[in-house]
Every structure is written in C-alpha cells, then in structure tokens.
Amino acid sequence: MNTVPPLDLSQQYKLIQDEVSQAVQAVLASGRYIGGSIVEAFEQEFGQYIGAKETISCNSGTDALFLALRAFNIGPGDEVITTPFTFIATAEMISAVGATPVFVDINPQTFNLDLEQIPQAITARTKAIIPVHLFGQPVDMTRLMAIAQSYHLAVIEDCAQATGASWQGQKVGSIGHIGCFSFFPTKNLGACGDGGAVTTQDPALAQAMKIIKEHGQASRYSSETVGINSRLDALQAAILRIKLRYLDTWNQQRQTLARRYHQFLYPLSEIITPQEIACGQSVWNQYTIRVQSPSDAVSTLKPRDHLRNYLQEQGIGSMIYYPIPLHRQPVYQSLGYSAEQLPIVEAVCQEVLSLPLFPELSPDQQDQVIYAIKEGYSTV
Ligand SMILES: *Cc1c(COP(=O)(O)O)cnc(C)c1O
C-alpha cells in the first residue's frame, strides 16, 4: 500500500541538491561562518521579497517575536493581545519579556483572530497586538491596522507560517510595524535547521532589534541594554538564498493543491473546508479541515479522531494543529480563562485535521487522500 506522509522534506532537497551542495561548500571554504556577506545578501534579498525596508536575521521565529516585543519596550505590567489558536511561541515570548498575553477568540472560518472582539479586550495596559497569519492565511490587515491606530497600539505580525502570503497585494510582514518570520524546516521557506528574521519599515525599530540581538551592544564591547545572542548561520543563509528563489513556485504548487482539495471535499457535508478570505492570498502552510461532531453523537470517539485513525489505517498521515488552545496550556492556567470565554477555539480544537499538503505532493497521492476521506467519513 502506498503511504502518503503529512510532509516530506527530502523530496524538496533532491530538487536543489546540487545548488545547495555548492553553496554550502563555498561557505565552508570561506572560513566565514557567522555574519558576513552571505548573511547580509540574504537579508537584503528577503527584505526585497517581502517589501520591507529593513530585515534583520536571527536564530528562530521565537527569537524574532522576542526581539520585536523588546523593541517596543514591552515588559512587566503590559498586556499584549493575541490568539489562543497558534503555536506556543507566540504567547510564550509575550510572557518571556514579562508581559501578559490576552487571548481573543478566533473566527472559525479563517482560524485567525476575530477582529470584532479586539476592542473589548483593550485596556489601559494594552501595548500591542500580535496577529498570527495561521496556516498561511493572512489576517485582514486593513481592519487590524485601523483598530491598532485608533488605540495607539503596536502591531507585530507573526508571519511564521505565512512567508509569501499577501493582503491586498502586500506581503505579510510589510504591513504591521514589525513582521516576525521563522525558517524552521517545515515552514514555507525553511532552512536546514533553525533560522528567523524580523522585518520593518522603521529604521529606529530595526536599530533597536539589531542591538538586542547582539548582547545589547550598540558598538562592540559596549552593552547598553540586556540583550541575547541570536544569529542566523552563514550556512543557513546560503541555503535560504537558494530556496527563496523557488518560494513563489512552491507556494503556487501549494495553492493548486489547496484548490483541488477544496473542489473535492467542499461537497462533503460533514467536512468544512478552509476558506480563503477576499483580498487575501494564503500560502497554505497547512490545509486544515474541520470534521464536525453531530450534536446527537453517541460514539465517544470524536468524528475528527475517527477520520484520523481511518486515514492512518490507509497509510495516510494527518496532523492535529492544535489539539489544546493556549489558554488551556498548563503554563497559562494561572491566567484563569474559562472555556466559556473562548468558545470558538474550544470547539475548533476538537474538529481540526491538517491534511498532507506540501509542494511535491503528487496528484496521485492527493487522490488517495481525497478517496480515503470520502470512504472514511462515510463510516463515521
Ligand atoms: C513556528 C512558529 C513560531 C516559532 O518559530 P521557530 O523558528 O520554531 O522558533 C512562532 N509562531 C508560529 C505561529 C509558528 O508556527
């Protein structure tokens, strides 16, 4: 039986193997492993791609969020509004700088922050909003920026899953005050290890983040603030420069696959397919369906879990992003959120299932997934 993995990074490597080997060899031979012209060239090219004046590379998407929050002097006593439906790093870095994450419920169609609910979550302590362009789908940045402007809040875009996505023709990461990117291998632009970057149009913010990422040093051996050490390796920069040239093609392949899933899965009544919002272009880091629980369910197994098990039996991998919303993580119990406060994300976490989608997924493999879902859900 053929198996369909949820993701296969080795296929992409095969495609660019020769180019990568040459670039890696060149870095190894150069003797320049930290900083230098390759890292600078990547920052320049990435900034150009995103449409941001300034790009500063760093060690991870997590560090990018940390740098952005610190650039705004966000710390103890401050609140930052974000989504409970994201990877832990988003809220974790708010806590790491000493501030408090404030969770606002999501829109079940887009899986992103419900912008309608943001104003009522704003207090005198609120300093920033971190929208997450989850699964590659952009947040409505026009509305979000209008809300932020009227309350004088900073906007830090978490673009970790959305490199190349755009809102009204502008790339995410170029619209808010700072964009945070991850080059973790499974992201749309992934390194062969860890990596990240922040983007901004504001030279002062860029300068602040440069200083913080280098031990708080404004000039060598003179530290003016408590910083960290966060660098993108020259080896990773060399690999990312190559992959950046393929990114649009890979994102288009993802879009084609997503359209095909939609075409075949949309008619199934038990399954809710993800919708692209008007004016936005998703880059489909994940294709995440919702498998709804009938209200008269007698089985103890959730339909989502039933389908996931069925797919597994057919050799098809699927993933649950995310099984537990952030307000219910043990680390955030102390914030005292109740399930009733965030009902949409509570329900969505029981229903979501991310299907195999990566640029190299073949039509045959995708047919297997579609066929198995049609079979599988009919047995729920
Ligand atoms: C991956 C991810 C991060 C963290 O990026 P790392 O490079 O793994 O540190 C942050 N936010 C979101 C939404 C992510 O998906």
Side-chain angles (χ1 to χ4, degrees), residues 60-135 139-140 143-144 147-148 150-158 160-161 176-178 180 182 288 290 292-293 295 300 302 304-305 320-352:
S60 67
T62 303
D63 279 4
L65 290 161
F66 181 87
L67 294 172
L69 287 157
R70 284 286 310 278
F72 284 109
N73 283 312
I74 290 168
D78 297 335
E79 293 175 356
V80 178
I81 291 171
T82 194
T83 166
F85 196 51
T86 175
F87 181 58
I88 185 72
T90 315
E92 183 184 31
M93 289 304 103
I94 297 169
S95 305
V97 300
T100 305
V102 172
F103 296 116
V104 165
D105 212 347
I106 60 168
N107 175 318
Q109 263 82 49
T110 63
F111 299 125
N112 282 331
L113 271 175
D114 181 357
L115 302 187
E116 301 249 342
Q117 296 191 40
I118 287 181
Q120 66 218 50
I122 295 171
T123 72
R125 292 165 179 261
T126 310
K127 290 284 152 57
I129 305 170
I130 306 187
V132 179
H133 307 294
L134 198 76
F135 305 146
V139 169
D140 176 343
R143 263 188 79 195
L144 182 72
I147 295 167
S150 60
Y151 293 92
H152 306 288
L153 303 176
V155 174
I156 298 169
E157 295 180 70
D158 185 336
Q161 300 182 10
H177 301 107
I178 296 178
C180 297
S182 166
T288 304
R290 285 159 58 206
Q292 287 213 298
S293 303
S295 50
T300 49
K302 289 190 277 283
R304 185 267 315 272
D305 296 334
I320 297 172
Y321 300 117
Y322 294 91
I324 304 170
L326 297 194
H327 64 280
R328 287 221 273 109
Q329 296 288 333
V331 67
Y332 287 131
Q333 289 303 306
S334 59
L335 294 179
Y337 282 91
S338 67
E340 297 77 50
Q341 277 174 282
L342 299 160
I344 305 294
V345 70
E346 289 277 342
V348 161
C349 284
Q350 310 295 313
E351 298 171 350
V352 282

Distance in Å, [X] [atom1] paired with [Y] [atom2], rounded so as to fall on 0.5 Å steps:
{"X": "D158", "Y": "I156", "atom1": "CG", "atom2": "CD1", "result": "10.0 Å"}
{"X": "I118", "Y": "D105", "atom1": "CD1", "atom2": "CG", "result": "11.5 Å"}
{"X": "T110", "Y": "L115", "atom1": "OG1", "atom2": "CG", "result": "8.0 Å"}

Taking the side chain as everything from C-beta on, heavy atoms only, tell me whether F103 gets closer than 4.5 Å to T83.
no

Using a 4.5 Å cut-off on heavy atoms from C-beta on, say whether the side chain of R70 contacts that of M93.
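SC-SC contact between M93 and R70 ruled out.
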
With distance as the sole test, does [X] use its side chain to make a donor-acceptor pair with the main-chain N or O of [Y] at under 3.5 Å?
{"X": "Y332", "Y": "A91", "answer": "yes"}
{"X": "D114", "Y": "V104", "answer": "no"}
{"X": "H177", "Y": "V155", "answer": "yes"}
{"X": "R125", "Y": "T100", "answer": "no"}
{"X": "Y337", "Y": "L342", "answer": "no"}
{"X": "Q329", "Y": "L326", "answer": "no"}
{"X": "E157", "Y": "G176", "answer": "yes"}
{"X": "E79", "Y": "P101", "answer": "no"}

Candidate list Q109, E351, Q350, test side-chain hydrogen bond (donor to acceptor under 3.5 Å, both in side chains), partner R290, passing option
E351

Look at the aromatic rings of F135 and F111 and report parallel, tilted or perpendicular, splitting at 30° and 60°.
perpendicular

Taking atom CD of Q341 as the centre, report whether more than 12 heavy atoms of other residues, nucleotides or ligands fall under 6.0 Å from it.
yes

